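Quick note: numbers below take in every heavy atom, side chains included, and nothing from hydrogens, waters or symmetry partners. The model shown is predicted, which means the values in this text are computed figures rather than measured ones.
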Amino acid sequence: MGVLGGMGPAATADFFAKLVRATPAATDQEHLATLVWSDPSIPDRTDALLGTGPSPVPRLVEGVHLLDRAGATLIAIPCSTAHAFLPELRRATARPVVSMVEATVQRLRAAHPQVTTVGLLATTGTVTTGLYQRSFRWSGIDCLVPAPPQQERVMQAVRQVKAGNMQTASRTLGPPVAALTGSGAQILVAACTELPLVLGSRAAGCDVFDPTKALAEDVVVLARRQQQNNLDKESTWTSASA
């Protein structure tokens, strides 16, 4: 499988660690063969979506093509905001590109069927596109987003994580977390891959759902399905040859 990362590097490393933990393996040989392409030169996704920076699509497509040429049969992108460009990336390859948004909504719905309202912590680019809000709404879940002043604090926290200032980021997130839980959010969705690095599993007495982990779990299921299909094809070919 291939990982199109670098958005940012720490989030990519976190995804790979969660991919390893999600894999039911007892030996090295039972883990997934994985190629990680971490390209921090990809232009900022939020700036592009807000019209204040260049499009990341050319660099993202280059990354997809690199993974294609290297033999990846499945591609994951551990960056929520980059999913705003998912249609373009899927057109650039015949390989399946796994959706972090779909993985999050489906796994949260399955794990917490009683939840009717979530609070979204994401970049301004992700919030503006409505990626998660639409998907949650289609699943019958209301999705609360921070008011503009609190959303700016979320962006500050994301930048602080990228700079390695974890404690400062955690403090910065306090007010937007409190505002969402105070408005009725039953679960917080850490929908920027930097945020699980500082939020943990609970914040302000509220469970935090980790889309990075959801993506890793979906990737493992799909990759193992591909492996099994290949084994079945090999078995069929061997039987036919005999």
Nearest heavy-atom neighbours spanning [X] and [Y]:
X: A157; Y: A169; value: O-CB, 3.6 Å
X: A103; Y: A214; value: CB-O, 3.8 Å
X: P54; Y: P43; value: O-CB, 3.7 Å
X: A179; Y: S183; value: O-OG, 2.9 Å
X: Q150; Y: P146; value: CB-CB, 3.8 Å
X: A122; Y: A191; value: CB-O, 3.6 Å

To the nearest 0.5 Å, tell me how far [X] [atom1] sits from [Y] [atom2].
X: Y132; Y: H83; atom1: OH; atom2: NE2; answer: 6.5 Å
X: E217; Y: L222; atom1: CD; atom2: CG; answer: 12.0 Å
X: S135; Y: Q106; atom1: OG; atom2: CD; answer: 9.0 Å
X: T93; Y: L67; atom1: OG1; atom2: CG; answer: 8.5 Å
X: W37; Y: I75; atom1: CH2; atom2: CD1; answer: 13.5 Å
X: R45; Y: C192; atom1: CZ; atom2: SG; answer: 8.5 Å

R95 meets the salt bridge (charged side-chain N to carboxylate O under 4.0 Å, His left out) criterion, sequence neighbours left out, with D68
Which residues satisfy the salt bridge (charged side-chain N to carboxylate O under 4.0 Å, His left out) test with E88, sequence neighbours excluded?
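With sequence neighbours excluded, E88 shows a salt bridge (charged side-chain N to carboxylate O under 4.0 Å, His left out) to no residue whatsoever.
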Check the hydrophobic clustering (I, L, V, M, F, W, Y; side-chain heavy atoms under 4.5 Å; chains of links allowed) and say if [X] and [Y] are grouped together.
X: M1; Y: V97; answer: no
X: V221; Y: V219; answer: no
X: L4; Y: V101; answer: no
X: L74; Y: V36; answer: yes

Between M7 and L60, does a side chain to side chain contact (heavy atoms under 4.5 Å, CB included) hold up when you go through it step by step?
CA-CA 11 Å; M7 304 169 278; L60 289 168; 3.8 Å; yes
May I ask you to list the residues sharing a hydrophobic cluster with L173, side-chain cutoff 4.5 Å, ordered by chain and number?
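In the cluster with L173 are L121, L144, V154, V158, V161, M166, V177, L180, L188, L195, L197, V198, L199, V208.
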Those residues that, when tested against [X], pass side-chain contact (heavy atoms from CB on, under 4.5 Å) (two or more places apart):
X: V145; result: L120, V127, Q133
X: T129; result: L49, A84, L131
X: S55; result: V57, P58
X: D142; result: T117

Pairwise side-chain contact, [X] with [Y], heavy-atom cut-off 4.5 Å (strictly under):
X: T12; Y: F16; answer: no
X: V61; Y: F85; answer: no
X: W138; Y: V105; answer: no

What residues, two or more places apart in sequence or in another chain, satisfy side chain to side chain donor-acceptor pair (under 3.5 Å) together with [X]?
X: Q156; value: none
X: T193; value: none
X: K162; value: E194
X: S38; value: none

I'd like to know if the side chain of [X] and the backbone of [Y] have a donor-acceptor N/O pair within less than 3.5 Å.
X: R109; Y: V115; answer: yes
X: R137; Y: C143; answer: no
X: T52; Y: L50; answer: no

Does R159 come within less than 4.0 Å of E152, counting only side-chain N to carboxylate O?
yes
Side chain to side chain contact (heavy atoms under 4.5 Å, CB included) between V3 and L35, intermediate numbers included:
CA-CA 6 Å; V3 180; L35 177 65; over 6 Å; no
Would you please test T73 and Q226 for side chain to side chain donor-acceptor pair (under 3.5 Å) and show each step?
CA-CA 8 Å; T73 59; Q226 282 187 343; 2.8 Å; yes
Pairs in or reaching into residues 15-39: which pass salt bridge (Lys or Arg N to Asp or Glu O under 4.0 Å), with residues at least two apart or in two chains?
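Found D14-K18, K18-D210, D39-R59.
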Give the C-alpha distance, both sets of side-chain angles, the deciding distance and a yes or no for side chain to side chain contact (heavy atoms under 4.5 Å, CB included) between M100 and I77.
CA-CA 8 Å; M100 175 184 279; I77 307 171; over 6 Å; no
Between T126 and S80, does the side chain to side chain donor-acceptor pair (under 3.5 Å) criterion hold? Intermediate values first, please.
CA-CA 7 Å; T126 299; S80 282; 5.4 Å; no
Which is it for L66 and E62 under the side chain to side chain contact (heavy atoms under 4.5 Å, CB included) test, yes or no, and what are the steps along the way?
CA-CA 6 Å; L66 181 149; E62 284 182 25; over 6 Å; no
